[in-house]
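Accompanying notes for the structure given below.
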Amino acid sequence: MLSYVRSYRFLQLDVFTANLFGGNQLAVFPDGRGLTTETMQAIAKEMNFSETTFVLPAETPGTDFRMRIFTPGYELPMAGHPTIGSAFALARTGAIECGRKSFVFGLGLGPTPVTLTWKDRELSFAWMTQRLPTFSEPIANRANAAAALGVPDSAVGGTGLPVQVVSCGVPFVFVPLATRSAVDNAMINREALNTLLHQAGLETNGVFLFSMERGPDKATAYSRMFAPALGVHEDPATGSASGPLGCYLVRHKVVPPDKANAMLSLQGVQMGRPSYVHISIGADGTDIRSVQVGGESVLAGEGVLYIP
């Protein structure tokens with residue numbers, strides 16, 4: 001029998017949802033002190049969620065906490081649902097005091113401000129601020145994107161919008177599709193996806209597909225995200241891609257500037273985990289001045305992991 005010498009509390013949350021068993025699952029270790037990088041990676045693989053986070057004492061002036069984020073296969077410099085969910089976890093443990101309006105996470109790419117809304121002494125909503133976007137040149141061969149997603153060329157070309165890499169800290173290939181059914185029917189062709197990512201210069205990042213077709217949910221965009229090279233075949237909610245999505249929609253005049261501060265991406269429906277990712281872009285015409293992604297989270301459970 002193993003002799004357990006260390007125990008680590010974790011909280012499990014469903015993020016970008018107000019309902020248990022919806023949204024994107026997250027494991028948060030509110031005190032990751034004493035864990036090596038290798039052990040953190042092993043724990044993330046053990047948890048087998050899209051991401052697992054480890055909160056540590058602040059390392060940089062102007063930050064309140066250091067946080068490290070791991071997929072089952074890699075450490076990430078920044079991610080959205082881990083930032084939002086970890087804020088809710090720290091509020092739950094009391095590390096963030098009730099009523100506090102904001103704090104700053106120290107992430108791999110630098111300080112990341114988070115603003116908080118409270119209701120009846122419970123955290124009800126959190127916004128993370130992301131970096132201003134960078135845009136690549138559009139990918140000329142949109143047929144490669146269609147092949148990677150297993151959809152007809154017309155599903156991509158019919159939108160009149162470009163296939164393009166956009167980043168607010170983590171780059172993604174954005175692929176517009178004409179209909180929600182095309183989004184639902186997409187199936188990754190791994191070889192074609194590798195070709196697309198290589199063409200985009202993103203060997204291990206994800207592809208984000210979306211449709212602007214409206215539905216009864218009133219979402220601005222209906223979306224999915226695949227990142228098999230990161231150990232995440234499909235992600236129910238991708239905050240790090242949602243900020244760039246909002247920037248893409250403003251840059252290409254799909255959403256006017258006066259509507260850009262109240263966008264909603266509905267993701268994860270096909271996985272049975274609908275996720276509601278709120279996007280607020282501050283813009284002057286197509287000039288983007290600020291990027292925020294926000295949402296709700298619910299606590300699913302707590303546990304203790306033993307490390308020998």
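Computed from a prediction, not measured in an experiment: that's the story for all the values here. When a residue number appears, it is its place in the shown sequence, counting from 1.
Summarising the local packing, CD of Glu46 is surrounded by 12 or fewer heavy atoms from other residues, nucleotides or ligands at distances under 6.0 Å. Other residues, nucleotides and ligands contribute at most 12 non-hydrogen atoms within 6.0 Å of the CZ atom of Arg92. Counting heavy-atom neighbours within 6.0 Å of Glu97 CD, excluding the residue itself, gives a total above 12.
With salt bridges taken as basic N to acidic carboxylate O contacts below 4.0 Å, one links Asp284 and Arg289. Under a 4.0 Å N-O distance rule, the pair Glu213/Arg180 does not qualify as a salt bridge. With salt bridges taken as basic N to acidic carboxylate O contacts below 4.0 Å, one links Asp64 and Arg100.
Of all the heavy atoms in Val163 and Val156, the pair that sits closest is CG2-CG1, 3.8 Å.
Aromatic pair Phe70/Phe54: centroids less than 6.0 angstrom apart. Centroid-to-centroid, the aromatic rings of Phe125 and His278 come within less than 6.0 Å. Between Phe105 and Phe103, the distance separating the two ring centers is shorter than 6.0 angstrom. In this structure, Phe210 has its ring center under 6.0 Å from that of Tyr248.
None of Val151, Asn185, Leu161 except one satisfies the side-chain contact (heavy atoms from CB on, under 4.5 Å) rule with Leu177; the exception is Val151. Of the candidates Ser275, Ser211, Ser265, Ser223 forms a side chain to side chain donor-acceptor pair (under 3.5 Å) with just one, namely Ser265.
Applying the salt bridge (charged side-chain N to carboxylate O under 4.0 Å, His left out) test to every pair with at least one member in residues 264-279, sequence neighbours left out, gives these pairs: Asp14-Arg273.
Side-chain atoms of Cys247 and Val291, non-hydrogen and from C-beta on, do get closer than 4.5 Å to each other.
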